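Report on the following structure.
We're numbering straight along the sequence, starting at 1. Worth knowing before you read on, the calculation uses all heavy atoms, side chains too, and leaves out hydrogens, waters and symmetry mates. Bear in mind the structure is a predicted one, so any value in this text is a computation, not a measurement.
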Amino acid sequence: MTIHIGAKNDEIADTVLLPGDPMRAKWAAENFLTSPRLVNPVRGMLGFTGTYKGNRVTIQGSGMGMPSLSIYANELIRDYDVKTLIRVGSCGGMQPNINIRDIILAQTTTYVTTPSSTIMKEVSFSPCADFNLLQRAYAFAKRKGFTTHVGNIYSSDTFYDERPDLNEQMVRHGVMAVEMEAAELYTLAARFKRKALAILTVSDHLQTGEALPSDERENTFAQMIHVALAAAFPAD
Ligand code: HPA
């Protein structure tokens, strides 16, 4: 039990999937896991533990933004000794070759600040994905025929952004998409020597204004869960 997670010590698996939305955690647990059990009701930030192909896995909501994700990731790592953390979420496309419904695997992330940035002082730290998770996620997604991009994303602190000039620089430097959590996840994974990956679907596009229709969100979310579980638990 921690301040924000009510699960007993043995109720959290070594591998945790982290959707931002707790109702997505419930949906994924009910649709992908065998014998899912609610292990965290605290603040409605639901977490479930079950098995996938015989492997224990927890699906825990992270909330929106790096401060919220940082609380859950810190407690999962420090108190429950979680080894592998995979974010499954949405992002806004930033390049002409990135389309809604595409899958983005964040190889690295750019950011202005993270909850960890003050400890870095003058250093610009480069958070990066675990290579094995990234490689397995990419291979699986390609095999399934999902349009998948690997590269740099922008982990922003603002959804309602007042700095179009920053986005311009991101676009200019090939950053694929914007979201709000991965940089802190990767930084914590580096600090505590854990494995992390962010798997994202493009839900809207900053340049075209296009957005994923709500009836398609479930389908694209299911694709990400498939990719995450395949990356976490390779078949052989
Ligand atoms: N900005 C930040 N996070 C997001 C966006 C966005 O446009 N779309 C989905 N997640």
Excluding sequence neighbours, so at least two apart, what forms side-chain hydrogen bond (donor to acceptor under 3.5 Å, both in side chains) with [X]?
X: Thr49; result: Thr58
X: Ser90; result: none
X: Arg191; result: Ser116

Under the side chain to side chain contact (heavy atoms under 4.5 Å, CB included) test, which residues partner Gln207, sequence neighbours left out?
-> Pro96, Val171, His205

With sequence neighbours left out, what residues match Ala137 under side chain to side chain contact (heavy atoms under 4.5 Å, CB included)?
-> Leu105, Leu197, Val227, Ala231

Sequence neighbours excluded, every pair satisfying salt bridge (Lys or Arg N to Asp or Glu O under 4.0 Å) that has a member inside residues 198-225 = Arg101-Glu216

Does any pair with a residue in residues 22-38 pass salt bridge (Lys or Arg N to Asp or Glu O under 4.0 Å), and if so which ones, sequence neighbours excluded?
-> Glu11-Arg37, Lys26-Glu30

Contacts satisfying side-chain hydrogen bond (donor to acceptor under 3.5 Å, both in side chains) that involve residues 121-146 (not counting sequence neighbours) are none

Tracing side-chain links under 4.5 Å among I, L, V, M, F, W and Y, which residues wind up in one group with Phe131?
-> none

Sequence neighbours excluded, the answer for salt bridge (Lys or Arg N to Asp or Glu O under 4.0 Å) partners of Arg43 is none

More than 12 non-hydrogen atoms from neighbouring residues, nucleotides or ligands closer than 6.0 Å to CE on Met1, yes or no?
-> no

So which pairs with a foot in residues 32-67 pass ring pair (Phe, Tyr, Trp, His ring centres under 6.0 Å), sequence neighbours left out?
-> Phe32-His226

For residues 65-79, which side-chain N or O atoms pair as donor and acceptor with protein atoms under 3.5 Å away, sequence neighbours left out?
from, atom 1, to, atom 2, distance (Å)
Ser68, OG, Ser62, O, 2.7
Ser70, OG, Asn74, ND2, 3.2
Ser70, OG, Glu184, OE2, 2.6
Asn74, OD1, Arg78, NE, 2.7
Asn74, OD1, Arg78, NH2, 3.2
Asn74, ND2, Ser70, O, 3.0
Glu75, OE1, Thr2, OG1, 2.4
Glu75, OE1, His4, N, 3.1
Glu75, OE2, His4, ND1, 2.6

